[in-house]
Amino acid sequence: LSSEKDLKKLLHLVVSKSMRLACADGGTLYMLEPIQDKPSDPDNFLANKELKLQVAIMKSRKVSPEHEITISNPSSSILGQSILQRKSINIEDVYQIEPEYGVQWHGQEFDTLYDYRTKSVLTVPMFNHRYEAVGAIQLVNCKEEVDQILESKEMIEDTVQPFDESDAKAMESVASLASVALAHAELFDSLQILFRSEDHTSELQSLVNLVCRLLLETSNHLALFSF
């Protein structure tokens, strides 16, 4: 993952590899973005943030690359709660969520548009090398075979199974490593901009300091995981 330099390709790669790892029929990746001119709230990290869909991949349906989803009130969503609780959320059937969960499923429009039925959902938060939330990965509909095509809603009802604990643990590791790779990709973009400028002296010194700090923080981050 860390060798991928193009940000969009990197995000797509993270989702596609995650789907194969957990035998998921679909996967999405959302990134947190600030809401302009909206004040922060010390009691709600997401008060001035929204979640924007960056990648959506489905094995059994052809999803338009122009499909856009913005969750402007993420605190009540599964994605937002995963970020706020700083842990994965594994739901067997999103249309049967108990009220005490305090979360809502925001995918009904997607299901209607693509004549689909989302059932099992695994949501994993993403944190950067400074342990700050940057987004979340969401996998849908765990299957017995990774290349199986879910042709109908009836087939989904009959064959889709819940994600298990090993899927959640594996995805937490993937999300952490992907976040580190994202930081490197963003740094690479900054390098490209820098070297297109005319005067590099002060910027280069700043960049050297940034690289040293990023490498140190990244090594500490990766040391938390054992495989």
J.: Keeping to residues at least two apart or across chains, list the salt bridge (Lys or Arg N to Asp or Glu O under 4.0 Å) pairs with something in residues 71-92.
T.: none
J.: Using the test side chain to side chain contact (heavy atoms under 4.5 Å, CB included), find all partners of E165 that sit at least two apart in sequence or belong to another chain.
T.: K169
J.: Specify the closest pair of heavy atoms between S72 and E50, including all atoms of both residues, with the distance to one decimal.
T.: CA-CB, 4.0 Å
J.: The criterion is ring-ring contact (aromatic ring centres under 6.0 Å, His included); which residues satisfy it with Y114, sequence neighbours excluded?
T.: H67, F110
J.: Who clusters with L84? Use side-chain heavy atoms, under 4.5 angstrom, across I, L, V, M, F, W and Y, and order the result by chain and number.
T.: Y30, L32, F45, L46, L51, L53, I69, I71, L79, I83
J.: Identify, with sequence neighbours excluded, every residue that meets salt bridge (Lys or Arg N to Asp or Glu O under 4.0 Å) alongside D115.
T.: K153
J.: Taking distance alone, no hydrogens or angles, what donor-acceptor pairs closer than 3.5 Å link side-chain atoms of residues 156-163 to residues at least two apart or in another chain?
T.:
from: E157; atom 1: OE2; to: R117; atom 2: NE; distance (Å): 3.1
from: E157; atom 1: OE2; to: R117; atom 2: NH2; distance (Å): 3.3
from: T159; atom 1: OG1; to: M155; atom 2: O; distance (Å): 2.7

J.: Would you please name every residue forming a side chain to side chain donor-acceptor pair (under 3.5 Å) with D111, sequence neighbours left out?
T.: Y95, T118
J.: Going by the rule side chain to side chain donor-acceptor pair (under 3.5 Å), which residues pair with K49 if we only count those two or more places apart in sequence or in a different chain?
T.: none
J.: Sequence neighbours excluded, which residues qualify as side chain to side chain donor-acceptor pair (under 3.5 Å) partners of N44?
T.: S75
J.: Going by side chain to side chain donor-acceptor pair (under 3.5 Å), name the residues that satisfy it together with Q81, two or more places apart in sequence or in a different chain.
T.: Q85
J.: Let me check something: do L113 and M58 share a hydrophobic cluster, defined by ILVMFWY side-chain heavy atoms less than 4.5 Å apart, either directly or through other members?
T.: yes
J.: Between the main-chain N or O of L150 and the side-chain N or O of R61, is there a donor-acceptor pair closer than 3.5 Å?
T.: yes
J.: By side chain to side chain contact (heavy atoms under 4.5 Å, CB included), which residues pair with S40, not counting sequence neighbours?
T.: N48
J.: Sorted by first residue and then second, give each salt bridge (Lys or Arg N to Asp or Glu O under 4.0 Å) pair with at least one member in residues 24-35; sequence neighbours left out.
T.: D25-K143, E33-K52
J.: Supply the atom-to-atom distance S88 OG to I78 CD1, rounded to the nearest 0.5 angstrom.
T.: 12.5 Å
J.: If you round to the nearest 0.5 Å, how far is CG of L29 from OG of S18?
T.: 8.0 Å
